[in-house]
Amino acid sequence: MTTRTFTPEELQKSNPVFGQFSFDNHEQIVFCHDKDSGLKAIIGIHNTNLGPALGGTRIWNYQSEWEALNDVLRLSRGMTYKSAISGLDLGGGKAVIIGDSKKDKTPEMIKAFAKYVDSLSGRYITAEDVGSTTADMDLIHSITPHVTGISKELGGSGNPSPVTAYGVFMGLKAAANFKWGTDDLNGKKVFVQGIGNVGETLVKHLTENGAIVTITDINKERVEYVSQKYNTKVFTGADLFLEDMDIYSPCALGATINDDSIHKLKAQVIAGAANNQLAVEQVHGKILQDKGIVYAPDFLINAGGIINVFGEIVHYGQDEALKRTENIYNTTLEVLNDAKNKKITTLQAAMQKAEERIYKKR
């Protein structure tokens, strides 16, 4: 018998979908194209054991189709665990549209995408994500009922960002409690990377609770606006991971904890809204554990948004959504303590908790 080791590049060429590490037993992947509107999109349905796959539509100017595919696979997988660990009867799915949301997005493109969502007959339910808006969800709703996060005027729950931020804040406080024996953030130095709708609301919670907040974002005008509004510091250095901080809160895109950053990071707690914060989960999760850095798993603490839009499906109101989101604090403490007792990473503990629920249902 002979064996051969493939490079990642060779593997992609020989098995462009099933050979992806992030494929991870996805049930269905849908490639969507509409010539007239210019739509190029991918819908990933990872697992529907607990219910229909729900996840937002990200509109991003990916450098390649490989990058877009890998992103949708990782994101939809994350949604499976997010719904499961939050106790929701939902599966995991996600969609990406390749393009610049500020330049390429048109009503025709959104409608064309909505038709593809509708063709899945409810196996996938879409929602808002990076690059898409509540107005886009309203437009999708004009084509298909399989959408959440529509405006309150149409009977929906509106923008889920404030609830997402509240859940991240709850998870961050729980992680601080686990690390330092108190969730009092007064005087704690928190670095927030990315101040979109979720990041800004998180900054509001942090500053109201006495944290010393430093912010950064690729949008410099927004940095100036948020800094003045909440009296935060602004990062002006060359490498944020060399900055003095107690808590690192990534709230932009993923994989900021990687081979380069992880050995420079001075924070003792990582808790943020970004998805897929660890570039390589098994490797970087273990390094964080060995360094004594408390990592609050992203799919656990950023679940407030999906908890909020799930209310549109099962018809509970804003008060119940906030109550369920507040419970992220307790679940985070449970996961962190479980990881400590079992001597495993916090990510492994969170995934085990989610997987137990998934497989019991199956």
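All values below come from the heavy atoms of this structure, side chains included, with hydrogens, waters and symmetry mates left out.
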Quiz item: Hey, mind stepping through Ser151 and Asp138 against side-chain hydrogen bond (donor to acceptor under 3.5 Å, both in side chains) and telling me if it holds?
Solution: CA-CA 7 Å; Ser151 64; Asp138 285 352; 2.9 Å; yes
Exercise for review: Is it possible for you to say whether Tyr116 and Met137 belong to one hydrophobic cluster, with membership spreading through side-chain heavy-atom contacts below 4.5 Å?
Suggested key: yes
Rounding to 0.5 Å, atoms NZ (Lys189) and CG (Leu206) come to a distance of 15.0 Å
Between Thr134 and Glu128, do the side chains contain an N or O donor and an N or O acceptor separated by less than 3.5 Å? yes
Query raised in the report: Ion pair present between Lys353 and Asp338, side-chain N to carboxylate O less than 4.0 angstrom?
Result: no
What one should report as the nearest heavy-atom pair of Val163 and Gly304 is CG1-O, 3.4 Å
Item to check | NZ (Lys264) with more than 12 external heavy atoms under 6.0 Å | outcome: yes
| query | Same cluster or not: are Ile306 and Ile45 linked, directly or through other Ile, Leu, Val, Met, Phe, Trp or Tyr residues, by side-chain heavy atoms under 4.5 angstrom apart? | reply | no
Does a donor on one side chain sit under 3.5 Å from an acceptor on the other, for Thr182 and Asp184? no
Nearest heavy-atom approach of Val335 to Thr346 is CG1-O, 3.6 Å
Quiz item: So, Thr144 side chain and Ile140 main chain: donor-acceptor pair closer than 3.5 Å or not?
Solution: no
Exercise. Is the closest side-chain heavy-atom distance between Met170 and Thr332 below 4.5 Å?
Worked result: no
Value for CD1 (Ile257) from CD (Glu281), rounded to nearest 0.5 Å, stands at 13.0 Å
task = Flag the pair Ile247 / Leu172 as yes when at least one side-chain heavy-atom distance between them is below 4.5 Å, and no otherwise.
result = yes
* Asked: Any side-chain heavy atom of Tyr124 within less than 4.5 Å of one from Lys94?
  -> no
Is there a donor-acceptor contact under 3.5 Å linking the side chains of Asp183 and Tyr329? yes
| query | Are Trp60 and Ile97 close enough that some pair of their side-chain heavy atoms sits under 4.5 Å apart? | reply | no
ask   = Are the charged groups of Asp298 and Lys82 less than 4.0 angstrom apart, N to O?
value = no
Can a side-chain donor-acceptor contact be found between Glu200 and Tyr230 if the only test is distance below 3.5 angstrom? yes
message: Whether Asp244 and Lys266 form a salt bridge (side-chain N of Lys/Arg under 4.0 Å from carboxylate O of Asp/Glu) is what I want to check.
response: no
**Prompt:** Within a radius of less than 6.0 Å around CZ of Phe31, do more than 12 heavy atoms belonging to other residues, nucleotides or ligands occur?
**Reply:** yes
To the nearest 0.5 Å, atom CD1 of Ile59 lies from atom NZ of Lys102 at 12.5 Å
Residues passing the salt bridge (charged side-chain N to carboxylate O under 4.0 Å, His left out) test with Glu208, sequence neighbours excluded, are Lys204
- request: Go through the side-chain N and O atoms of Glu224 and Gln228 and say whether any donor and acceptor fall under 3.5 Å apart.
  value: yes
Here the gap from Asp136 atom CG to Met109 atom CE, rounded to the nearest 0.5 Å, amounts to 11.0 Å
Are a donor atom and an acceptor atom from the side chains of Thr48 and Glu27 found within less than 3.5 Å of each other?
yes
Ala354 and Ala84 have their tightest heavy-atom pair at O-CB, 3.7 Å
Aromatic plane relationship, His205 with Tyr166 - under 30° parallel, 30 to 60° tilted, over 60° perpendicular: tilted
Hits for ring pair (Phe, Tyr, Trp, His ring centres under 6.0 Å) against Phe241, two or more places apart or cross-chain, chain-then-number order -> Tyr248
- Query: Is it true that Asp89 and Arg357 make a salt bridge, defined as a side-chain N closer than 4.0 Å to a carboxylate O?
  - Reply: yes
Exercise for review: Kindly check if the number of other-residue, nucleotide or ligand heavy atoms within 6.0 Å of NZ (Lys360) is above 12?
Suggested key: no
ILVMFWY cluster, Val198 and Met79 together (side-chain gap under 4.5 Å) | no
Checking Trp180 against Lys188 for the side-chain contact (heavy atoms from CB on, under 4.5 Å) test, could you report, in this order, the C-alpha distance in whole Å, the side-chain angles of both residues, the deciding distance, and whether it holds? CA-CA 11 Å; Trp180 295 298; Lys188 292 295 183 187; 3.6 Å; yes
Discussion item. Pairing donors with acceptors under 3.5 angstrom, does anything connect the side chains of Asp24 and His46?
Written reply: yes
**Request:** List the steps and the verdict of salt bridge (Lys or Arg N to Asp or Glu O under 4.0 Å) for Lys286 and Asp290.
**Result:** CA-CA 6 Å; Lys286 184 63 169 62; Asp290 293 342; 2.7 Å; yes
Between Ser132 and Thr57, does any side-chain donor sit less than 3.5 Å from a side-chain acceptor? no
### Lys40 atom NZ, neighbour heavy-atom count above 12 within 6.0 Å
no
Thr216-Gln193 side chain donor-acceptor pair, cut-off 3.5 Å
no
Side-chain donor-acceptor pair present, Gln289, Tyr295, cut-off under 3.5 Å: no
- Task: Check whether more than 12 heavy atoms from other residues, nucleotides or ligands sit under 6.0 Å from atom NZ of Lys179, and answer yes or no.
- Result: yes
- Query: Would you say the side-chain atoms of Thr80 and Asn47 include a donor-acceptor pair closer than 3.5 Å?
  - Reply: no
**Q.** Note, Val223 side chain near Ile215 side chain (heavy atom, < 4.5 Å)
**A.** yes
CD1 of Ile143 to CD1 of Ile110, rounded to nearest 0.5 Å, is 11.0 Å
Rounding to 0.5 Å, atoms CG (Leu300) and CE (Met351) come to a distance of 13.0 Å
Measure the shortest side-chain to side-chain distance between Asn337 and Phe178 over non-hydrogen atoms and say whether it is less than 4.5 angstrom. yes
When every non-hydrogen atom of Thr232 is compared with those of Val213, the smallest separation belongs to CB-O, 3.4 Å
Note to self: Within the 4.5 Å heavy-atom criterion, are Val294 and Ile270 side-chain neighbours or not?
What the structure shows: no
- When clusters are formed by joining ILVMFWY residues with side-chain heavy atoms under 4.5 Å apart, either directly or through shared neighbours, do Ile43 and Leu73 land in the same one? no
- prompt: Any luck finding a side-chain donor-acceptor pair between Ser64 and Glu67 under 3.5 Å?
  reply: no
Minimum side-chain heavy-atom gap Arg58-Asn275 below 4.5 Å: yes
message: Looking only at the side chains, is there a donor atom on one of Thr126 and His146 sitting less than 3.5 Å from an acceptor on the other?
response: no
Check: Should Leu265 and Phe235 be regarded as members of a common hydrophobic cluster, given that ILVMFWY residues are connected when their side-chain heavy atoms come within less than 4.5 Å of each other, either directly or indirectly?
Finding: yes
Practice problem: Report the C-alpha distance between Asn276 and Leu75 in whole Å, list the side-chain angles of each, state the deciding distance to 0.1 Å, and finish with yes or no for side-chain contact (heavy atoms from CB on, under 4.5 Å). | Solution: CA-CA 7 Å; Asn276 302 318; Leu75 290 168; 3.7 Å; yes
Worksheet item: Between Leu347 and Phe299, does a side-chain contact (heavy atoms from CB on, under 4.5 Å) hold up when you go through it step by step?
Response: CA-CA 9 Å; Leu347 182 64; Phe299 65 81; 3.6 Å; yes
